[in-house]
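Letters A, B, ... are given to chains in the order of the sequence lines, protein chains preceding strands, and every chain is numbered from 1. Basis for what follows: all heavy atoms, side chains included, without hydrogens, waters or symmetry-related copies.
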Amino acid sequence: MMLSVRGIEVYYGAIHALKSVSLEVEQGEIVSIIGANGAGKSTLLRTISGLLKPRTGEIEFRGKRIDGIAADEIVRLGISHSPEGRRIFTNMSVQENLQLGAFIRHDKEIDQDQEKVMERFPRLRERIKQNSGTLSGGEQQMLAIGRALMSRPSLLLLDEPSLGLAPNLVTEIFSIVLELNKEGTTILLVEQNAHRALEVAHRAYVLETGTMVLSDTGKALLANPKVKEAYLGG
Amino acid sequence: MSFWIRRLASIALAVGGCFLIDWFAKENLKDFIVRLVVLAALYITLAVSLNLINGITGQFSIGHAAFYQVGAYAAGLATVTFYKSQPLGLALWIPLMMLVGGVTASVAGLVVGLPSLRLRGDYLAIVTLGFGEIIRIVTQNLKVVGAASGMAVEPKMSTPMIWLAWLLAITSIAVCRNLLQTAHGLGFLAVREDEIASSAMGVNVTRTKVAAFVLGSAFAGMAGGFLAHYEGFLIPTMFTMDVSFIILTMVVLGGSGSVTGSVIAAILLSTLPEFLRDIQQISMAGLVAAAISIIAGVVAVRYVSQHVHTPSTRRIAYPGAIIGSIILTVVLSKVLAFIPTLANASTDGSRIRLVIFAVTLVVLMLVRPQGLLGHREFGWGSLRRSEA
Ligand SMILES: Nc1ncnc2c1ncn2[C@@H]1O[C@H](COP(=O)(O)OP(=O)(O)OP(=O)(O)O)[C@@H](O)[C@H]1O
Ligand SMILES: [Mg+2]
């Protein structure tokens with residue numbers, strides 16, 4: 001098991017955001033988490049990447065306990081988090097954003113990886129020196145994903161990569177997710193767009209107000225009447 | 001190899017430049033201007049080092065004079081206590097004492113930097129301001145350092161070591177500029193922009209903030225160490241809140257985050273008030289005319305920035321607004337001179353120099369809220385836009 005989350009409880013002050021949540025991700029998988037607004041999806045990703053600490057429960061990554069480890073150490077272990085709302089550094093150039101993605105690395109292949117990112121996202125190449133705050137929403141999302149890739153993660157956490165994008169861009173983003181996965185990156189995906197998220201996922205979980213209520217293969221959940229009614233528009 | 005040659009050459013150039021300034025100033029300038037040349041270097045160091053904390057890393061620290069003072073007193077005390085019983089000459093001893101001041105101040109920076117991990121914005125500002133006052137009040141009551149009546153630092157430098165002050169200033173600039181060009185420096189800027197995203201990138205936010213505080217206060221402390229031996233006398237009133245505010249103003253005025261901006265603003269603000277001291281009599285008519293024209297000028301510039309969007313028109317409109325307000329000042333002062341009450345009244349220039357100073361700042365902030373240089377840097381040969 002690459003990642004296993006066991007019975008974590010997460011609070012924001014008095015707000016109980018995650019209630020005994022468990023989840024597992026196998027090497028090479030795409031795992032999706034779907035759920036309504038406020039269900040706790042982003043909270044779960046933030047807890048895995050160390051931005052939040054669970055009050056109880058355990059998180060294990062490749063056999064090592066990572067709950068309680070600082071976020072910057074977790075990046076070094078190979079988990080990269082592309083947070084909700086992109087959070088690119090808008091006052092910096094595209095290139096500087098990518099360099100920050102490789103912040104933990106000191107090898108000589110950083111430029112090579114930047115080249116790869118630009119091959120994957122040609123629009124970023126054209127705007128490499130441009131201030132990233134001036135990018136369109138879709139370009140910013142591509143930058144956020146590209147930046148997350150720069151640390152060469154073995155596990156990529158993607159929080160709503162399709163948020164606010166036009167349909168053809170959504171398709172593009174999801175095909176990139178599939179491509180990355182084929183090249184060997186394990187992906188944990190959080191999405192509002194439940195249909196797409198279940199389509200690409202090997203397995204998926206349904207989170208409801210802080211509790212995991214369902215888990216199955218992506219296909220099975222797509223066919224599940226409860227999921228259909230609640231998340232796929234009937 | 002060529003990297004090291006370039007590096008060595010630029011160091012040699014910097015050191016040579018410092019001695020050139022030293023030689024030129026001593027040969028050609030009046031004593032009071034030499035003093036300004038020294039103070040400018042110290043204020044450059046202070047502004048650049050505060051810029052590292054405030055502008056680059058985004059920690060709103062406003063008590064920078066405290067680190068200046070800690071460095072000054074540590075160095076001063078060390079000289080008073082140990083100088084006589086050691087073999088070094090002053091030319092070596094003073095740089096050594098600057099290091100002592102720097103190290104002591106960086107410990108103080110660590111102490112203040114630690115709460116900065118939990119506090120941000122206004123709260124951190126209050127803590128740093130409070131720290132500054134605590135340091136000043138403690139020294140005011142501390143017998144070993146002469147309490148409120150001050151402490152003589154013996155021996156002081158026989159002639160001003162201008163080169164040393166400038167070497168310090170240039171070193172602080174070089175350290176900040178080089179830092180910004182490394183991956184680590186990018187981490188400092190990232191922390192200013194978004195702490196959560198930075199830690200998601202693997203930047204250790206805690207360590208970055210503390211490092212900024214420690215490095216920034218170390219340079220302020222070295223400036224203090226120099227000051228102690230330059231003045232030969234230290235008294236707590238040399239380090240009041242005004243000093244902190246002037247340093248902060250330099251950073252904001254230069255454009256938070258811009259090293260070049262800090263340097264330019266430090267030179268302007270440390271020398272301008274001294275030159276204004278020379279203004280003799282100013283007639284009331286002139287003052288009123290200037291006030292009216294300044295308001296008109298600010299309104300005009302703001303109008304242009306909000307309503308004129310074609311670059312070519314803007315290029316004419318901005319200088320136009322400024323030249324227009326200057327012409328308006330002249331014309332108005334002649335017109336107003338016909339009013340007898342205004343024509344006959346006048347005021348002593350030195351009394352209003354602080355007013356002029358304040359008005360300059362207010363006008364600049366109205367016209368260019370992002371500071372003189374914004375986030376831009378001035379590189380050798382080319383104007384590089386590191387950020388917009
Ligand atoms: N910083 C915070 N402080 C307090 N409460 C928070 C904070 N962040 C999230 N919450 C609360 O925790 C719950 C889960 O939020 P979370 O952001 O994880 O939801 P989500 O499933 O990602 O929703 P969405 O689909 O809208 O992004 C919500 O009730 C939210 O109000
Ligand atoms: Mg969310």
Side-chain angles (χ1 to χ4, degrees), chain A residues 42 45-46 48-52 69-107 110-111 129-134 140 143-144 146-153 156-159, chain B residues 3 51 54-58 114 117-118 120 177-212 255-259 261 309 369-371 373-377 379 382-388:
Chain A
S42 301
L45 292 196
R46 281 186 220 130
I48 294 169
S49 70
L51 296 173
L52 292 173
I69 292 186
D72 57 290
E73 286 304 318
I74 291 179
V75 184
R76 290 187 170 81
L77 295 174
I79 300 182
S80 186
H81 182 187
S82 168
E84 181 170 31
R86 301 163 190 145
R87 286 195 175 240
I88 57 168
F89 301 103
T90 49
N91 280 323
M92 297 188 189
S93 69
V94 170
Q95 183 165 31
E96 285 166 331
N97 270 274
L98 293 177
Q99 282 170 0
L100 274 164
F103 188 81
I104 55 160
R105 293 173 51 187
H106 299 288
D107 55 288
I110 296 177
D111 289 345
K129 296 279 179 210
Q130 191 174 316
N131 197 304
S132 65
T134 63
Q140 290 192 5
L143 177 58
R147 186 181 66 174
L149 290 174
M150 289 295 290
S151 66
R152 286 201 174 169
L156 180 60
L157 313 179
L158 289 177
D159 198 340
Chain B
F3 168 80
N51 183 47
N54 262 23
I56 295 174
T57 324
L114 287 176
L117 306 175
R118 304 198 146 268
R120 59 200 68 209
R177 290 294 299 266
N178 285 344
L179 184 71
L180 287 185
Q181 273 152 22
T182 63
H184 266 281
L186 217 47
F188 282 81
L189 289 167
V191 168
R192 172 183 76 189
E193 293 245 331
D194 188 334
E195 287 182 22
I196 301 223
S198 308
S199 55
M201 296 301 104
V203 178
N204 186 329
V205 174
T206 308
R207 201 181 308 159
T208 306
K209 285 182 176 178
V210 173
S256 277
S258 165
V259 180
H309 298 295
Q370 70 273 49
L373 273 91
H375 283 325
R376 263 168 296 181
E377 292 293 349
S382 73
L383 206 57
R384 185 179 80 100
R385 283 195 69 149
S386 73
E387 305 162 70

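- Between the side chain of A:R147 and the main chain of A:L100, no donor-acceptor pair closer than 3.5 Å is present.
- For residues 185-205 of chain B, there are no ring-ring contact (aromatic ring centres under 6.0 Å, His included) pairs, not counting sequence neighbours.
- Both the backbone and the side chain of A:T90 have a heavy atom closer than 4.5 Å to some heavy atom of chain B.
- Residues forming a salt bridge (charged side-chain N to carboxylate O under 4.0 Å, His left out) with A:R152 (at least two apart in sequence, or on another chain): A:E109, A:D113.
- Distance OG1/B:T182 to CD/A:Q99: 10.5 Å, rounded to 0.5 Å.
- For B:S198, the parts lying under 4.5 angstrom from a heavy atom of chain A are both the backbone and the side chain.
- Taking non-hydrogen atoms and a 4.5 Å limit, the residue list of residues 70-79 of chain A in contact with chain B, ordered by number, reads A:A71, A:D72, A:V75, A:R76.
- Applying the salt bridge (charged side-chain N to carboxylate O under 4.0 Å, His left out) rule to A:R87 yields the partners B:D194; only residues at least two apart in sequence or on another chain are considered.
- Taking the six-membered ring where the residue is Trp, B:H184 and A:F103 present perpendicular rings, their angle passing 60° and hence far from 30°.
- If you measure heavy-atom distances from A:L51 to chain B, the contacts under 4.5 Å come from the side chain alone.
- At distances below 3.5 Å, not a single donor-acceptor pair connects side-chain atoms of A:E96 with backbone N or O atoms of B:L186.
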